[in-house]
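Read through the structure below, which is laid out as structure tokens, and then see the notes.
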Number of protein chains: 2
Amino acid sequence: MDSSGTRRQNTRRRLFEAAVTLIAEQGFSSTTVDEIAERAGVAKGTVYYNFASKTVLFEELLRHGIELLTDSLQAAADETAERGGSRVDALDAMIRAGLDFITRYPALMQLYVAELWRTNRAWQSTLMQVRQKAIAVIESVLREAVATGELSAELDIPLTASALFGMVLVAALDWQSFQPERSIDEVHSALSRLLQGRVSGVRP
Amino acid sequence: MDSSGTRRQNTRRRLFEAAVTLIAEQGFSSTTVDEIAERAGVAKGTVYYNFASKTVLFEELLRHGIELLTDSLQAAADETAERGGSRVDALDAMIRAGLDFITRYPALMQLYVAELWRTNRAWQSTLMQVRQKAIAVIESVLREAVATGELSAELDIPLTASALFGMVLVAALDWQSFQPERSIDEVHSALSRLLQGRVSGVRP
DNA sequence: CTTTTTGCACTGACCGGTCAGTCTAAGACT
DNA sequence: AGTCTTAGACTGACCGGTCAGTGCAAAAAG
């Protein structure tokens, strides 16, 4: 059977899964270690056997989770490039990838937004690194698009990247929370339209 | 400053001010009532004389705060209309108003984002009402713009409204936290450009 | 005189973290 | 084979501290 190495890995994974939903629902401080342990089906001591503290558990969770997002955005951009799509197509593909990601891991993104702009918290620097990695993927696509002349050279790359990220994030979270009856295609096309300026009355 | 209003109103205001920054920094659960009272320069008993509980204090704070935002967005839209501007101009003015608001009350918006998409929390319904009021202001401008033909009839109004709101919110919070050296005009014009589709290489 | 605020001691539930001990499977020794 | 040892993973009762909320008498404000 699975030897000790795998067993531990498995326990850690279950603790992550338990923690991410609980913390997304209730916030870090009002989620108790007992709750996390219970939902993961392990004893409280096991949490501390696997992680130095509640905070460390949370930090590792964040790091692991956002790595998944970054990889997924990067993959979307790369695939578009391989298919010979434009850089604007790549942005569109990344919007889609972002929406897919939030559909799969809603709790993770929920918790990310809830913590990102707080100050004086232990995991502040972890979050900043993590944010920078995600935004950097968007920025590099924007930069390429400006280089190839697809987008205006006037573009403020860092600001636009963070605005795009925010637009997708909030729209997706709102979609999940308040209009879950919409399809992902509806959300995607609303965002695409916004991005491509068709909002401003240019009829197709 | 003015000591307008009754004595009681004054202490309530000071409690709001103390609570909003503390909770934005630390979150609701890890902010103690003693801290709030101390920062407001008031005895702990006074907190409970004025508010039924910590939760109620927070709820009233949210309600009061977002009312300010809604009023400010509405005012921006109305002023544009009075000046005879288009509905797209009104959207632009609302973006500006949103940025101004976040500049003035960063903690409030910080805390709003942190709590909005949580579930199972006492103030969930308060937040939903509050969100609906703010989004409704944007939606009504979008609706008018569609009616006058300024914007495409294909526009998905609720989704676009929440995407716009999110775009401004996240861009502004990122601006404050990570790029405070930028001027409000830079942020504003980056967002305007995004909205008016000039991202896609179309020069004005 | 009424409303509001103060100061402060107190309670009881709750929670992060600890620790001595249990379980199990894989050797090691006889 | 049977018995003993070791190491890693896990357990849960327990401890010490924290904090929302209470109670109340006395002072301040209006």
Side-chain angles (χ1 to χ4, degrees), chain A residues 1-62 111 115 118 120-123 126, chain B residues 1-62 111 115 118 120-123 126:
Chain A
M1 256 311 264
D2 56 10
S3 52
S4 48
T6 339
R7 178 146 90 115
R8 197 165 179 187
Q9 215 62 34
N10 191 42
T11 312
R12 286 172 65 100
R13 208 198 62 247
R14 277 164 55 209
L15 283 169
F16 278 158
E17 281 165 13
V20 80
T21 37
L22 285 169
I23 298 182
E25 280 168 8
Q26 307 173 328
F28 176 80
S29 309
S30 33
T31 298
T32 70
V33 175
D34 289 277
E35 277 177 314
I36 296 173
E38 190 190 351
R39 171 150 335 176
V42 299
K44 187 180 190 173
T46 305
V47 176
Y48 286 92
Y49 182 76
N50 284 282
F51 299 96
S53 68
K54 184 186 173 185
T55 304
V56 168
L57 161 59
F58 185 55
E59 279 175 355
E60 292 192 19
L61 166 63
L62 282 175
L111 153 177
E115 296 295 339
R118 290 217 198 292
N120 304 336
R121 302 226 91 177
W123 48 82
T126 306
Chain B
M1 263 291 222
D2 65 351
S3 54
S4 59
T6 65
R7 183 151 82 112
R8 191 160 183 195
Q9 228 127 33
N10 193 42
T11 33
R12 286 174 63 101
R13 194 179 40 79
R14 279 169 49 211
L15 283 169
F16 279 158
E17 281 165 15
V20 79
T21 38
L22 286 168
I23 297 182
E25 281 168 8
Q26 306 173 330
F28 176 80
S29 310
S30 32
T31 299
T32 70
V33 175
D34 291 276
E35 274 177 316
I36 296 173
E38 190 190 351
R39 166 135 0 160
V42 139
K44 186 179 184 176
T46 306
V47 176
Y48 286 92
Y49 182 77
N50 284 281
F51 300 95
S53 68
K54 184 187 173 186
T55 304
V56 168
L57 160 59
F58 185 55
E59 279 174 356
E60 292 192 20
L61 165 62
L62 282 175
L111 154 176
E115 295 294 339
R118 290 212 197 294
N120 304 335
R121 303 225 88 176
W123 47 81
T126 305

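Proteins come first, then strands; the chains are lettered A, B, ... in the order of their sequence lines, and each starts at number 1.
As rounded to whole Å, 15 Å separates atom C1' of D/dC10 from atom CZ of A/R12. Rounding to whole angstrom units, CZ of residue B/R13 and C1' of C/dT4 are separated by 17 Å. Between B/D34 atom CG and D/dT18 atom P there is a gap of 12 Å when expressed in whole angstrom units. Following rounding to the nearest Å, B/Q26 (CD) and D/dT18 (P) show an atom-to-atom distance of 15 Å. Taking atom CD on A/Q9 and atom C1' on D/dA9, their separation rounds to 13 Å, with Å as the unit. Rounded to whole Å, atom C1' of D/dA29 lies 13 Å from atom CG of B/N10. Atom NZ in A/K54 sits about 15 Å away from atom C1' in D/dG17, given to the nearest Å. Here the P atom of nucleotide C/dC23 and the CZ atom of A/R8 are 21 Å apart, to the nearest Å.
OP1 or OP2 of C/dT5 has not a single side-chain nitrogen or oxygen of B/Y49 nearer than 4.0 Å. Contact between the side-chain N/O atoms of A/N50 and the OP1/OP2 oxygens of D/dC10 is found at a separation under 4.0 Å. The phosphate of D/dG21 has OP1 or OP2 within less than 4.0 Å of a side-chain N or O from B/Y48. Phosphate contact (OP1/OP2 of D/dT11, side-chain N/O of A/T46, threshold under 4.0 Å): present. For the OP1/OP2 pair of C/dT4 and a distance below 4.0 Å, the side-chain nitrogens and oxygens of B/R7 include no atom meeting the criterion. Of the side-chain N and O atoms in B/T32, none sit less than 4.0 angstrom from OP1 or OP2 of D/dT18.
A donor-acceptor contact shorter than 3.5 Å links the side chain of B/R121 to the backbone of A/Q26.
Residue pairs meeting the salt bridge (charged side-chain N to carboxylate O under 4.0 Å, His left out) criterion with at least one partner in residues 16-35 of chain B, sequence neighbours excluded, are B/R13-B/E17, B/D34-B/K44. Residue pairs meeting the ring-ring contact (aromatic ring centres under 6.0 Å, His included) criterion with at least one member in residues 34-57 of chain B, sequence neighbours excluded: B/F16-B/F51.
How far CG of A/L22 is from CD of A/E38: 9.5 Å, rounded to the nearest 0.5 Å. Taken from CG in B/L61 to OG1 in B/T55, the straight-line distance is 12.0 Å, to the nearest 0.5 Å.
Of the listed residues (B/Q9, B/R8, B/E60), just one forms a side chain to side chain contact (heavy atoms under 4.5 Å, CB included) with B/N50, and that residue is B/R8. The only option from A/N10, A/V20, A/V42 that meets the side chain to side chain contact (heavy atoms under 4.5 Å, CB included) definition with A/L15 turns out to be A/V42.
Within the nucleic acid shown, A/T55 has no heavy atom closer than 4.0 Å to any nucleic acid atom. A/S30 comes within contact range of no nucleotide atom at all, as no heavy-atom separation falls under 4.0 Å.
For a distance-only test at 3.5 Å, the side chain of B/K44 fails to qualify as a donor-acceptor partner of the base of C/dG7.
Listed by residue number, B/G41, B/V42 are the residues of residues 35-42 of chain B with a heavy-atom contact under 4.0 Å to DNA chain C.
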